[in-house]
*Asks:* 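The structure's right below; bear with me while I get my questions together.
Quick note on labels: first sequence line is chain A, next is B, and so on, each numbered from 1.
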There are 4 protein chains.
Amino acid sequence: MPRTKEQFEKIREETKSKILNTSLELFAKKGYSNTSISEIAQSANISKGLAYNYFKSKEMLMEEVVKILFVEIGKMFVEIDVLKSPYDKLHRIIDLTIDWILENADFWRLYASLLMQEDTKVIVEKVAGNFMAELFEDIEKIFRKIKIKNPAAEARIFGSIMDGISFHILFMGDKYPVEKTRRFLKQKYSRENLI
Amino acid sequence: MPRTKEQFEKIREETKSKILNTSLELFAKKGYSNTSISEIAQSANISKGLAYNYFKSKEMLMEEVVKILFVEIGKMFVEIDVLKSPYDKLHRIIDLTIDWILENADFWRLYASLLMQEDTKVIVEKVAGNFMAELFEDIEKIFRKIKIKNPAAEARIFGSIMDGISFHILFMGDKYPVEKTRRFLKQKYSRENLI
Amino acid sequence: MPRTKEQFEKIREETKSKILNTSLELFAKKGYSNTSISEIAQSANISKGLAYNYFKSKEMLMEEVVKILFVEIGKMFVEIDVLKSPYDKLHRIIDLTIDWILENADFWRLYASLLMQEDTKVIVEKVAGNFMAELFEDIEKIFRKIKIKNPAAEARIFGSIMDGISFHILFMGDKYPVEKTRRFLKQKYSRENLI
Amino acid sequence: MPRTKEQFEKIREETKSKILNTSLELFAKKGYSNTSISEIAQSANISKGLAYNYFKSKEMLMEEVVKILFVEIGKMFVEIDVLKSPYDKLHRIIDLTIDWILENADFWRLYASLLMQEDTKVIVEKVAGNFMAELFEDIEKIFRKIKIKNPAAEARIFGSIMDGISFHILFMGDKYPVEKTRRFLKQKYSRENLI
DNA sequence: TATGAATGAGAGTTCATTCAT
DNA sequence: CATGAATGAACTCTCATTCAT
């Protein structure tokens with residue numbers, strides 16, 4: 001009995017997803033250039049040829065990996081919307097950023113290194129689209145709600161701090177005083193100190 | 001008659017410098033892995049083989065490029081020492097960071113991308129040594145002089161902001177409101193606002 | 001439909017064997033160092049890359065070639081066991097050595113030249129293991145059966161003669177009086193002369 | 001004051017000799033292919049260019065090295081002529097062969113490995129000329145003096161033994177019972193046993 | 001859909017040789 | 001006589017990609 005269209009579709013979806021997840025993991029851990037299709041295929045328990053059945057080229061595969069990356073990052077910010085207080089929101093962003101970087105150092109590393117190279121940067125931008133801009137606007141809104149003087153600039157600095165400490169945690173590893181910084185930041189961005 | 005020692009030395013220095021500069025440029029623009037010795041040789045108008053007369057391996061070449069990078073970064077901070085007022089010092093760091101990143105985007109890009117990959121990170125750390133730690137201590141001293149409550153944490157945040165905005169300028173390019181951010185930061189880190 | 005496991009295995013075996021035979025031939029004729037993978041690939045009518053699909057490195061390829069070599073040498077001595085008389089055995093060894101060297105000059109040449117260089121010697125020893133020692137013991141047993149006075153030393157000299165004349169045949173070629181030597185040796189190692 | 005013709009000649013001779021000795025040593029230790037001109041020049045404390053001033057190519061250098069090798073081997077047999085008794089002569093050859101191989105394993109290794117490869121074999125034969133044939137004739141004469149039945153064949157076997165045990169000592173190293181073999185051979189080739 | 005044998009371009013590297021000085 | 005910078009061909013090896021099955 002031939003498989004139904006739906007069954008085929010399901011297999012395709014699962015295989016594709018398996019390849020993508022494996023690629024994400026390997027790209028993140030070893031970098032794009034240092035990860036070969038052979039390696040990905042082997043890790044995903046498929047043949048090299050099959051990978052090309054799903055993705056036209058290594059570059060295309062990477063492009064889709066980046067998409068997933070952004071979906072993953074995007075999820076992070078969903079739960080912020082439900083919070084009411086802008087101070088809570090800021091605290092939550094601080095927590096999420098720090099926790100996420102601690103748990104997903106490799107992903108952030110991949111994301112950042114892709115942005116660093118001219119050729120891969122294009123791909124990221126193509127995928128990212130307005131993602132970053134929207135993120136920034138969300139943060140700006142929070143600061144506007146607080147009625148701080150220069151919400152746009154304040155948001156920019158806040159974003160810089162988030163990325164800056166991510167960067168530092170990433171390459172200082174265990175030596176970075178994560179918790180001290182977390183507390184310090186929460187205090188800095190508390191109702192009392194922002195007026 | 002053979003050339004004198006001085007003549008040979010001059011030739012060596014010039015060629016070596018030519019290779020190093022070309023490498024710095026290419027590594028920065030395209031990344032370490034994506035830049036081949038062939039490419040460097042072609043850009044530097046020398047033969048592939050000659051590169052190996054000067055550098056034992058691609059890795060060694062990179063190591064020396066990174067050394068240059070750090071000398072360059074180091075130069076940046078020399079003129080801060082001469083300033084007396086801690087506020088002036090902070091303002092100067094803000095200016096230097098922003099100006100330097102605008103002028104040397106590629107260098108920063110190289111530096112950051114090297115740190116992102118586990119294999120090249122080792123090389124950078126080997127060359128960098130305590131450079132980053134010392135830099136941080138210098139900034140901490142400034143904050144201590146201001147008698148701010150938590151100078152270490154404050155220095156960490158300040159450093160994060162510097163790296164964060166560098167990061168943002170780097171990949172937003174012209175869209176980033178550099179001057180607005182510069183003014184905002186100077187105000188934030190002025191005598192009035194730091195008490 | 002993908003090929004069956006058996007089909008793949010057959011292809012692999014055939015190609016591998018083709019590469020091995022070509023390598024044996026070329027290594028023997030030109031030496032290990034002077035034979036390039038390119039040359040082997042060209043001779044075997046495959047691409048350079050494919051060779052690396054079958055052998056992890058040139059050294060590994062050589063190792064497998066040496067294995068074949070020993071299998072070949074081993075075969076030579078199988079038929080000696082079936083003989084009863086120790087004199088017959090010695091005569092058979094003389095015949096086999098001379099005939100084998102005449103037919104497989106290249107193999108012996110490879111084997112000897114590999115032993116000559118420190119770096120390749122290690123590989124041969126890894127593959128050879130106790131082969132040579134066992135061979136010597138077999139010969140010693142023969143002499144012990146004859147009840148000769150010093151069977152170990154006698155075996156050593158007998159082995160030296162075999163290798164020595166192999167060496168001479170090898171590089172004197174047609175000028176070497178093979179048959180005279182054969183007859184002379186058989187007489188020397190006959191019942192009458194060994195008492 | 002310009003150097004005299006004789007002085008120049010002396011310098012040339014010394015430099016040439018220095019290069020040749022260094023080459024002999026390195027070729028013997030590491031093999032011809034694995035020894036680079038750079039290495040030789042460095043070891044001989046001269047420049048690469050100078051080596052080419054004295055020897056047209058690496059191959060030519062090797063050719064002259066082989067010549068030296070033969071001179072060295074030739075010296076070995078000079079002192080045999082002075083001995084009167086043919087038995088003493090045989091014993092002396094046994095001693096010389098074993099002692100020489102123990103002291104100059106590398107040289108013998110070079111000599112043998114050169115003979116093993118078709119391309120270098122030609123060079124050796126060009127240089128060696130009748131050397132080997134003469135050596136054989138000398139040995140034959142000894143056996144003829146003893147009035148043994150088949151002096152030519154006997155000489156051939158004796159030579160084979162010498163080369164065979166050299167070969168075995170070479171690649172068995174310390175494990176080879178050199179002294180036992182020496183004694184055994186001397187006894188075998190003594191007046192009593194040769195009648 | 002799925003396989004992995006096969007290709008070929010190009011990577012890093014070495015080295016005999018040349019040549020301006 | 002002497003130097004070593006410079007070349008270019010050849011080397012070992014890797015890998016994205018194709019394709020017959």
Side-chain angles (χ1 to χ4, degrees), chain A residues 3 7-8 11-12 15 33-42 46-59 61, chain B residues 1-5 7-12 14-16 33-41 45-59 61, chain C residues 1-5 7-12 14-16 33-41 45-59 61, chain D residues 3 7-8 11-12 15 33-42 46-59 61:
Chain A
R3 270 174 274 207
Q7 280 175 312
F8 271 124
I11 289 173
R12 270 200 81 82
T15 309
S33 296
N34 298 324
T35 307
S36 71
I37 297 288
S38 283
E39 242 174 318
I40 293 170
Q42 206 163 13
I46 56 152
S47 70
K48 239 187 307 182
L50 192 57
Y52 280 87
N53 197 319
Y54 288 92
F55 304 95
K56 219 183 154 186
S57 68
K58 196 185 174 188
E59 198 172 316
L61 170 57
Chain B
M1 296 295 117
R3 268 174 271 218
T4 63
K5 230 178 185 172
Q7 281 173 310
F8 276 129
E9 222 150 85
K10 204 185 150 209
I11 291 175
R12 273 200 85 79
E14 276 170 5
T15 309
K16 192 170 180 178
S33 296
N34 297 321
T35 307
S36 71
I37 298 287
S38 284
E39 244 173 315
I40 293 170
N45 276 106
I46 57 155
S47 68
K48 230 190 323 179
L50 190 57
Y52 283 87
N53 195 321
Y54 288 88
F55 304 94
K56 225 184 154 183
S57 67
K58 195 186 173 188
E59 198 173 312
L61 169 57
Chain C
M1 296 296 118
R3 268 174 271 217
T4 63
K5 231 178 183 171
Q7 281 174 309
F8 276 128
E9 224 149 82
K10 205 185 148 209
I11 291 175
R12 273 198 85 80
E14 276 170 6
T15 309
K16 193 171 178 177
S33 296
N34 297 322
T35 306
S36 72
I37 297 289
S38 282
E39 243 173 316
I40 293 170
N45 276 108
I46 57 155
S47 68
K48 228 188 327 180
L50 190 57
Y52 284 89
N53 195 322
Y54 288 88
F55 304 94
K56 227 184 153 185
S57 66
K58 195 186 174 187
E59 198 172 313
L61 170 56
Chain D
R3 270 174 273 210
Q7 280 175 313
F8 270 125
I11 289 175
R12 269 200 82 82
T15 308
S33 296
N34 297 325
T35 306
S36 70
I37 296 287
S38 282
E39 243 173 316
I40 293 170
Q42 207 164 11
I46 57 152
S47 70
K48 238 186 309 182
L50 192 58
Y52 280 87
N53 197 320
Y54 287 91
F55 304 95
K56 219 183 155 188
S57 68
K58 196 186 172 187
E59 200 173 312
L61 169 58

*Asks:* Taking the side chain as everything from C-beta on, heavy atoms only, tell me whether N53(C) gets closer than 4.5 Å to R12(C).
*Replies:* yes
*Asks:* Using modelled atom types and a 3.5 Å cut-off, is there a donor and acceptor pairing between side-chain atoms of K58(C) and backbone atoms of T35(C)?
*Replies:* yes
*Asks:* Quick check: do Y52(D) and I37(D) have side-chain heavy atoms less than 4.5 Å from each other?
*Replies:* yes
*Asks:* In whole Å, I'd like the distance from the CD1 atom of I40(A) to the P atom of dC15(F).
*Replies:* 12 Å
*Asks:* Just how far, in rounded Å, is C1' of dC11(F) from CG of N34(D)?
*Replies:* 13 Å
*Asks:* Please state whether the phosphate of dT14(E), meaning OP1 or OP2, lies under 4.0 angstrom from any side-chain nitrogen or oxygen of Y52(B).
*Replies:* no
*Asks:* Applying a 3.5 Å limit to both distances, which nucleotide forms a Watson-Crick or G-U wobble pair with dA20(F)?
*Replies:* dT3(E)
*Asks:* Which part of the nucleic acid, if any, lies within reach of T4(B) when heavy atoms closer than 4.0 Å are counted: base, sugar-phosphate only, or nothing?
*Replies:* nothing
*Asks:* Can you check whether I11(C)'s main-chain N or O pairs, donor with acceptor, with E14(C)'s side chain at less than 3.5 Å?
*Replies:* no
*Asks:* Would you mind building the protein contact string for nucleotides 5-11 of chain E? One character per nucleotide, 5' to 3', B for base within reach (heavy atoms under 4.0 Å), S for sugar-phosphate only, - for untouched.
*Replies:* SBBB-BS
*Asks:* Apply the test side-chain contact (heavy atoms from CB on, under 4.5 Å) to residues I46(B) and I40(B): give CA-CA distance (whole Å), side-chain angles for both, the deciding distance (0.1 Å), then the verdict.
*Replies:* CA-CA 9 Å; I46(B) 57 155; I40(B) 293 170; over 6 Å; no
*Asks:* Does the side chain of F8(B) reach to within under 4.5 Å of the side chain of T4(B), using non-hydrogen atoms?
*Replies:* no
*Asks:* Rounded to the nearest angstrom, tell me the gap between atom CD in Q7(B) and atom P in dA2(F).
*Replies:* 18 Å
